[in-house]
Amino acid sequence: QLQLVESGGGLVQPGGSLRLSCEASNETSGLPLHFYGIGWFRQAPGKVREGVSCISTSGSTHYADSVKGRFTISRDTAKNTVYLQINNLKPEDRAEYYCAASTLTSAQRMCEWRPGGDFGMDYWGRGTLVTVSS
């Protein structure tokens, strides 16, 4: 069982920046953490969850069109942590942000594949709230 804990959310003015963190730990013996790709997803009130950015075990990345050039995903394998740097925040970025883990090897597939409606990720964190307001 993989546990994911998000942090770093908060209230930011438009144009501001945040860095979200997703720390992963294995509660039971199983696949090593570096076998998992990690994705960041967000869900705004009244909207469906969307894939924001994903990073594979090889380091390849994928971004939603709406965040390209403003969001940067990175992983620190030694710290078992994946980061999402968010710059130039916009009001439409307001959402609950979740990280999730998967053994899928494609970053794009992690961010876009929805078997049966929801994303095909194996483990989910509980989320961190990002609010953008002046």
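Bear in mind that the values here come from a model prediction, so they are computed numbers and not experimental data.
A donor-acceptor contact closer than 3.5 angstrom links the side chains of Tyr97 and Arg42. Side chains of Ser17 and Asn87: a donor on one and an acceptor on the other come within 3.5 Å.
Atom OG1 in Thr61 sits 11.0 Å away from atom CD in Gln108 (nearest 0.5 Å). Taking CG of Leu104 as the start and CH2 of Trp113 as the end, the distance is 6.0 Å to the nearest 0.5 Å. Here the CE atom belonging to Met110 is positioned 8.0 Å from the CZ atom belonging to Phe41, to the nearest 0.5 angstrom.
Residue pairs meeting the disulfide (SG to SG under 2.5 Å) criterion with at least one partner in residues 103-134, sequence neighbours excluded, are Cys54-Cys111.
Residues Ala64 and Gly51 share a closest heavy-atom pair of CB-O, 3.4 Å. Of all heavy-atom pairs spanning Ala107 and Ser56, the tightest one is CB-N, 4.1 Å.
Contact check for Arg94 versus Pro45: side-chain heavy atoms found under the 4.5 Å cut-off. With a 4.5 Å cut-off on side-chain heavy atoms, Leu84 and Ser53 count as touching. Using a 4.5 Å cut-off on side-chain heavy atoms (C-beta onward), His62 and Glu112 make contact.
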Side-chain donor-acceptor distances from residues 120-134 under 3.5 Å, at least two apart:
residue	atom	partner	partner atom	Å
Asp122	OD2	Thr103	N	3.1
Thr128	OG1	Gly9	N	3.0

For residues 67-74, which side-chain donor-acceptor pairs fall under 3.5 Å, sequence neighbours excluded?
residue	atom	partner	partner atom	Å
Lys68	NZ	Asp65	OD1	3.2
Arg70	NH1	Asn88	O	3.0
Arg70	NH1	Asp93	OD2	2.7
Arg70	NH2	Ser66	O	3.1
Arg70	NH2	Asp93	OD1	3.0
Arg70	NH2	Asp93	OD2	3.4

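Only one option out of Thr81, Asn80, Thr57, Ile55 pairs with Ile38 in a side-chain contact (heavy atoms from CB on, under 4.5 Å); it is Ile55.
A continuous path of hydrophobic side-chain contacts links Val82 to Val52 [ILVMFWY only; heavy atoms under 4.5 Å]. At a threshold of 4.5 Å between side-chain heavy atoms, the hydrophobic network of Ile, Leu, Val, Met, Phe, Trp and Tyr places Leu20 and Tyr83 in two separate groups.
Cluster partners of Val5 are absent, since no Ile, Leu, Val, Met, Phe, Trp or Tyr has side-chain heavy atoms less than 4.5 Å from it. Grouped with Leu11 in a hydrophobic cluster is no other residue, since no side-chain heavy-atom contact under 4.5 Å to another Ile, Leu, Val, Met, Phe, Trp or Tyr is found.
Shown here is Glu50, whose CD atom has more than 12 heavy atoms of other residues, nucleotides or ligands within 6.0 Å.
Under the rule for a side chain to side chain contact (heavy atoms under 4.5 Å, CB included), the partners of Gln43 that lie at least two apart in sequence or sit in another chain are Arg49, Tyr98.
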**OP:** Could you give me the CA-CA distance, side-chain angles and deciding distance for Trp40 and Cys22, then say whether side chain to side chain contact (heavy atoms under 4.5 Å, CB included) is met?
**Re:** CA-CA 9 Å; Trp40 282 97; Cys22 172; 3.5 Å; yes

